[in-house]
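In what follows, chains are A, B, ... by sequence order, proteins preceding strands, each numbered from 1.
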Number of protein chains: 2
Amino acid sequence: MNIYSFSAREAGIPVFAINRKERDRKLRRMDILSAAEHVFGRKGYYKATMQDIARQAQYATGTVYLYFKDKETLYFSLVEEKMRDLLALIKERTAAVRDAQEKLKIYLEEKLDFFEKNQDFFRIFILENGAAQASIDSRIATSALAKEYLACISEIMRLAQKQKLVRADMDPSQGAGIFRSISNAVIMDWLKKNMQQTLSLRQMSRFILDIFLGGARPSDETK
Amino acid sequence: MNIYSFSAREAGIPVFAINRKERDRKLRRMDILSAAEHVFGRKGYYKATMQDIARQAQYATGTVYLYFKDKETLYFSLVEEKMRDLLALIKERTAAVRDAQEKLKIYLEEKLDFFEKNQDFFRIFILENGAAQASIDSRIATSALAKEYLACISEIMRLAQKQKLVRADMDPSQGAGIFRSISNAVIMDWLKKNMQQTLSLRQMSRFILDIFLGGARPSDETK
DNA sequence: TTAAAAAATGAATATATATTCATTTTCAGC
DNA sequence: GCTGAAAATGAATATATATTCATTTTTTAA
């Protein structure tokens, strides 16, 4: 079992040790990815050194290079694999319902759960989404996965328009951007105020949806 | 006159050349800041080299160091001075009205105008606001100015609550974060879709305010 | 138990670029 | 035009760290 947060979703590890060698290699690779997540998430790409990451993973510096070609590739793999996990979850869960509002709700819940478990990764994620120009590894901004992620939310937005849940005068990708931003702002606020103890992030999903759909105006009782 | 975007607001340049030496020095300093804005905004802090910046400013590498102690200080000065300009504008203009909705509107308009003129700076700004942890120069995240900027919007939010414009169950700083995120998302979208030609950013202010206050739901005509 | 193979090590190397500074150019006042 | 001061130059230096690789340690299988 992996005490860090890296997911085995993509590792394809068989329960029976049909191929121990390969399995072990994948596990070690995941250890390094977890260490990288920890260090990159806290220090940012440039301030994080390969030695930091190696130490965090309890390896010597050179060992990291047996698993990843170079620093950029390590970072790229990390971002890709985490995003793939998140996207897979979201797609799987939202595909199960037809209603746009329900899809939005599920999207939010999956995302909030995911980042509650992957707080270090959230900082990486937000930076990569923040300013595509400054994307550290240009492969990320242009990756099929990044486009797919955006397309997925835009698709939900389009459906929401068809179902008259969302105003029609809003470009779906713009709507997706706004929805994403609101949820990121709330996650950021939750992280900053360190509410981990008292409140689960998932509980914010109702609030976020309210704000996105109904806005910040009071729901007219006393006006 | 400065063909770049750096503002003279803080330069305190007298119309009559009482002190040409000092004035010239300030102008050259501003040239370097403009060059830095251009390069940092496009490449990001780490990929931007001092040589890039010097070349952009039409100086030799060493000359930059006659005006700024080191790269971090150059970056810090840039961020500080631009943010000071923006904050001064916002404070000045919003102070002139009492109505919270009017304040929000003015805040938006000033911000949109500002970033329409300072597109390179927007990317820097959004990164610095994105993930405080990864703030490039730790002085920025902790600077009085950064706090003041947030406090200023939070203050408007508090007033909006008092005036029943905004729901009361929302922490003012959280509301400020959400409001900021929405506007940033819209600016980002505008930049990405390269609408400079056809549509001024300022024209988006009505839309942003609508979304923030009233949400993305259609304004019930056909339901 | 042993020897070959695989994995890990970490000191040494390569590289990139921030920063310095001896030299050159420009400028101001005479 | 000349001279000393100020400004600018850009090649040389310093530094940090990504990457490599000769050596050591561990594992495997007979």
**Report entry** Partner residues of B:S205 under the side chain to side chain contact (heavy atoms under 4.5 Å, CB included) criterion, sequence neighbours left out
**Finding:**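 B:S205 satisfies side chain to side chain contact (heavy atoms under 4.5 Å, CB included) with B:L108, B:E109, B:L112 once adjacent residues are dropped.
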
**Report entry** For B:K71, all residues meeting side chain to side chain contact (heavy atoms under 4.5 Å, CB included), sequence neighbours excluded
**Finding:**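 Per chain and number, B:K71 pairs via side chain to side chain contact (heavy atoms under 4.5 Å, CB included) with B:F40, B:Y45, B:M50.
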
What does [X] touch in the nucleic acid at a heavy-atom separation under 4.0 angstrom: a base, only the sugar-phosphate, or nothing?
X: A:R25; value: nothing
X: B:R55; value: nothing
X: A:T49; value: sugar-phosphate

Report task. Just jot down the side chain to side chain donor-acceptor pair (under 3.5 Å) partners of B:D113, sequence neighbours excluded, or say none. Result ->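 Testing B:D113 for side chain to side chain donor-acceptor pair (under 3.5 Å), a comparison that skips the adjacent residues, returns B:R202.
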
Can you name the salt bridge (Lys or Arg N to Asp or Glu O under 4.0 Å) partners of [X], sequence neighbours left out?
X: A:R180; result: none
X: B:R55; result: none
X: A:D120; result: A:R42, A:R123

Query raised in the report: Atom CG of B:D31 and atom C1' of D:dA7: how far apart are they, to the nearest Å?
Result: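 About 15 Å, once rounded to whole Å.
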
**Report entry** First-last contacting nucleotides on DNA chain C - partner chain A, under 4.0 angstrom, heavy atom
**Finding:**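 The footprint of chain A covers C:dA8 to C:dG10.
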
**Report entry** Strand-adjacent residues in residues 62-72 of chain A, judged by heavy atoms under 4.0 Å from DNA chain C
**Finding:**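 When residues 62-72 of chain A is checked for heavy atoms under 4.0 Å from DNA chain C, the hits, listed by number, are A:G62, A:T63, A:L66, A:Y67.
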
Query raised in the report: Is there a donor-acceptor pair closer than 3.5 Å between any side-chain N or O of A:T73 and the backbone N or O of A:K69?
Result: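 Checked: no pair found.
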
Query - Residue pairs passing the salt bridge (Lys or Arg N to Asp or Glu O under 4.0 Å) test where at least one lies in residues 140-152 of chain A, sequence neighbours excluded - result: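 Every salt bridge (Lys or Arg N to Asp or Glu O under 4.0 Å) pair that includes a residue of residues 140-152 of chain A, provided the two are not neighbours, is A:K91-A:E148.
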
